[in-house]
> 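Questions regarding the structure given below will be posed in turn.
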Amino acid sequence: MVFLASGAFVFWIFLAMLPGMTREAAAQILERIALLLELKGENPFKIRAYKTGAEVVESYPGDIMQLAAEQKLSGIKGIGDALRDKLYEMATTGKLEFFDNLRAEFPETLFELFEVQGLGPKKIAALYAELGVGSIADLKRACESGEAAKLSGFGGKTVVKILESLAFRDEHASEFRVDQVYGLALAILEALRAHPAVSRAEVCGSFRRGKETVHDLDFLCATKKPEEVIADFVGLPMFEKVIAQGGTKASVYAANGVQCDLRAVSSKEFPFALNYFTGSKEHNVVMRQRALDQGWSLNEYAFTPVEGKAGPVIPAVHDEADIYRALGMDYIEPELRENAGEFDAAEQGHLPHLILLENLRGVFHNHTTASDGMASLLEMADAAQELGMQYLGIADHSKSSFQANGLSEERLRAQIAEIRELNEKFEGHFRIFAGTEVDILKDGSLDFSDELLSELDYCVASVHNVFNLPEAEMTRRIIRAMENPHVTMLGHVTGRLLLQRPAYAVNIPAIIDAAAETGTIIELNASAWRLDMDWRWWRLAKEKGVKCSINPDAHSTRGLEDVLYGVRAARKGWLTKKDVINCLPLGEVEKALMKGKIR
DNA sequence: GCCGTTTTCGGCCCGACTGTTTTCAGTCG
């Protein structure tokens, strides 16, 4: 086994041999227990305890599974005796008998029903008990046959809503959010690069282009021993099933259902293959046409002279930049390759210097235990400093967001005081900005008074309810909020949850115009679920002079790291560090928070 | 099931909206 020479591979083998369980798997089991208990009509507080437990496991800053295995979980809020024992069992045996017994009562496919908008535990329980609906396929059949509409509590409109939700799901079948594949992609890449017979390796496709969702992962490697590399690739422990395996390419399914493809080429072919498999298709079409204009044909392996058309001598190509140079252009970053103006800019030398993760100096819009976050103010501040940030903006929910334990006026004032006090201790080398994520109410008014808002360093305004307004009304509602001089930023503009809930109806160009007029910053919510405002709008915003804030919307210390997804989206939206206010250092960012406002 | 604690059990997160009802249950945030 060639891979044995590689530290990364040994590491993966080691992981695969441990009897324990990853934190993600353990958190998922706790979540599923909560769902099944809901179906069984259990005590709602017990259910919540399992949900909270899942969140704690998911977001605990530290190796919680290791702690569980060593029986050192006492004192962690949300983990009591029962969950402690269950986590110990999972960490040491890799399974949980309680869960196995519980799930044996229901079909495995039942869980997918919870992903359907409009279906909750009660309706799912009724569908299962009355009609034996245990999967999405069953559900579709029951809705289309009219059976579902006859159930008590169901009706025509309910069924229409369910069918609409199913159609949305179908449209996005086999797509994955970037956070669902990110760690996997890096681990596979690391393993490939560590292979002694591999000289170069890269992830291609929509992942490399920074898309918000992907439907597979495409890997490319340069090697002189393709068959050997392919054989070792399909044997990696994170793969569950080999779909196809040949001399130069292979396709496999990873454990979470993502298809991963590997193609092996020679080092000479590598830049061409990298360019070709990165795409997009639309970008490639233009690339090939441009090559033809030079008298060359371009494919995934090389430039070749077109017969009968004496073009200039084909230059040597060592990397992708050489290909662009040969075609008379600057190097185009993968994120920009959508045939959306990048060729003109590359020809004229006008490509933007895209923002980098290391350009960020701080993070706005984060939650603490005061509302629905998992970490305290101090823990969040510590974590931000660990990430090299100079400042941290807190923006807990406002009082109307009951579900998120939104702060009352009194509690917010107390938090402001607490922040001021902490800042004294930082002595200027770090600062917490006191803010709020204030709800935009149905009529566009805000959930806190102007007087209270004026006491804050900044304010994010977001829509959290009444999503079904007509577009014009929703747009007016949001613009009214932006017109409030205390509103510094607009949070998650469309409320979309990728692959789960479509955006509500809102006129984005009108919002961008209003942002420009009122000096309101628009958030790029970096949560992989949202990535909202969408990258497709940022060039317009930038043209209008609207600034961006890449906001992790962190609900835990780990959540702060989501800024990396936001940076990917910002790069895809042509943004540079000059366009993003949280690239400004402490001492300058304060001015950006005031610009156009009366703070 | 967790938490807090005057250690033994009571309280735990509330309101709007929708659709099916005819006074309310379920879902969502």
Side-chain angles (χ1 to χ4, degrees), chain A residues 29-31 33-57 73-87 96 98-99 102 113-129 143 148-165 367 369-374 396-408 411 437-443 447 462-470 473-474 477 491-492 494-497 500-502 504 525 527 529-530 553 555:
Chain A
I29 286 179
L30 296 180
E31 264 167 42
I33 289 174
L35 294 180
L36 294 178
L37 293 180
E38 273 188 301
L39 278 186
K40 295 178 66 132
E42 257 285 4
N43 171 6
F45 298 108
K46 185 194 272 195
I47 293 163
R48 193 194 301 162
Y50 276 100
K51 286 182 180 168
T52 308
E55 277 175 40
V56 171
V57 170
L73 287 181
S74 55
I76 297 180
K77 206 167 180 303
I79 307 290
D81 295 350
L83 288 188
R84 182 201 58 207
D85 292 347
K86 290 189 170 72
L87 284 167
L96 182 62
F98 174 74
F99 176 58
L102 195 56
L113 296 180
F114 284 93
E115 293 161 23
V116 179
Q117 291 283 299
L119 278 192
K122 296 285 162 53
K123 286 205 159 73
I124 291 172
L127 284 162
Y128 182 59
C143 286
K150 291 183 202 156
L151 290 180
S152 158
F154 288 63
K157 289 194 177 177
T158 309
V159 168
V160 168
K161 257 176 102 172
I162 291 173
L163 285 173
E164 277 172 5
S165 178
H367 298 267
T369 44
S371 65
D372 59 349
M374 303 298 297
D396 272 314
H397 287 283
S398 62
K399 60 178 188 286
S400 283
S401 279
F402 298 100
Q403 82 289 347
N405 190 24
L407 275 64
S408 65
R411 291 178 60 217
E437 183 181 16
V438 67
D439 271 26
I440 302 176
L441 305 179
K442 187 179 175 184
D443 64 355
D447 199 22
S462 308
V463 168
H464 285 120
N465 61 6
V466 199
F467 289 166
N468 56 351
L469 294 179
E473 201 177 326
M474 182 63 95
R477 170 188 184 184
H492 45 72
T494 74
R496 74 175 179 186
L497 293 179
Q500 194 183 78
R501 185 176 75 200
Y504 44 68
N525 190 298
S527 159
W529 283 89
R530 296 187 182 273
D553 198 354
H555 287 73

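Below, chains carry the letters A, B, ... as their sequence lines are ordered, and counting in each starts from 1.
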> Considering only heavy atoms from C-beta outward, does the side chain of A/Leu407 approach that of A/Ser371 to under 4.5 Å?
yes

> Checking A/Asp439 against A/Ser401: is there a side-chain donor and acceptor pair closer than 3.5 Å?
yes

> Have a look at A/Pro44 and say if it touches a base, only the backbone sugar-phosphate, or nothing, with a 4.0 Å heavy-atom cut-off.
nothing

> Only one of A/Thr158, A/Val116, A/Leu113, A/Leu151 forms a side chain to side chain contact (heavy atoms under 4.5 Å, CB included) with A/Lys123, so which one is it?
A/Thr158

> Does one side chain, of A/Lys86 or A/Tyr50, offer a donor that lies under 3.5 Å from an acceptor on the other?
yes

> Rounding to the closest angstrom, what is the interatomic distance between B/dG10 and B/dC17 at atom P?
36 Å

> Side chains of A/His367 and A/Asp553: donor-acceptor distance under 3.5 Å anywhere?
yes

> Please give the nucleotide sitting opposite B/dT8 as a Watson-Crick or G-U wobble pair, both distances under 3.5 Å, or none.
none

> Please state the P separation for the pair B/dG26 and B/dT21 - nearest whole angstrom.
12 Å

> Using atom C1' of each nucleotide, how far apart are B/dG11 and B/dT18 to the nearest Å?
30 Å

> Taking the same atom, C1', in B/dT27 and in B/dT20, what whole-Å distance lies between them?
13 Å

> What distance, rounded to whole Å, do you find between the two C1' atoms, one in B/dC13 and one in B/dC3?
15 Å

> For A/Lys122, I'd like to know if atom NZ has over 12 heavy atoms of other residues, nucleotides or ligands within 6.0 Å.
no

> Does A/Arg48 put a side-chain nitrogen or oxygen below 4.0 Å from OP1 or OP2 of B/dC13?
yes

> Atom pairs, N/O to N/O, protein against nucleotides 1-8 of chain B, distance under 3.5 Å?
unit_1 : atom_1 : unit_2  : atom_2 : d
B/dG1  : OP1    : A/Tyr50 : OH     : 3.0
B/dG1  : O6     : A/Asn43 : ND2    : 3.0
B/dC2  : OP1    : A/Gly80 : N      : 2.7
B/dC2  : OP1    : A/Gly80 : O      : 3.4
B/dC2  : OP1    : A/Leu83 : N      : 3.1
B/dC2  : OP2    : A/Ala82 : N      : 3.3
B/dC3  : OP1    : A/Gly78 : N      : 2.4

> How long is the line joining CZ of A/Phe467 and P of B/dT27, in whole Å?
18 Å

> Tell me, please, which residues at least two apart from A/Asp81 pass salt bridge (charged side-chain N to carboxylate O under 4.0 Å, His left out).
A/Arg84

> Would you mind telling me which of A/Ile79, A/Leu83, A/Leu30, A/Leu87 makes a side chain to side chain contact (heavy atoms under 4.5 Å, CB included) with A/Val56?
A/Ile79

> If you measure from CZ on A/Phe402 to NZ on A/Lys399, what distance do you get to the nearest 0.5 Å?
8.5 Å

> Mind checking the P distance from B/dG1 to B/dT6? Whole angstroms is fine.
25 Å

> How does each nucleotide of nucleotides 15-22 of chain B score, in 5' to 3' order, for protein heavy atoms under 4.0 Å: base (B), sugar-phosphate only (S), or none (-)?
S-SSSSS-

> A/Asn405 or A/Phe114: which one's nearest nucleotide on DNA chain B is closer to the 5' end?
A/Asn405

> Tell me: CG of A/Leu113 to P of B/dT27, nearest whole Å?
12 Å

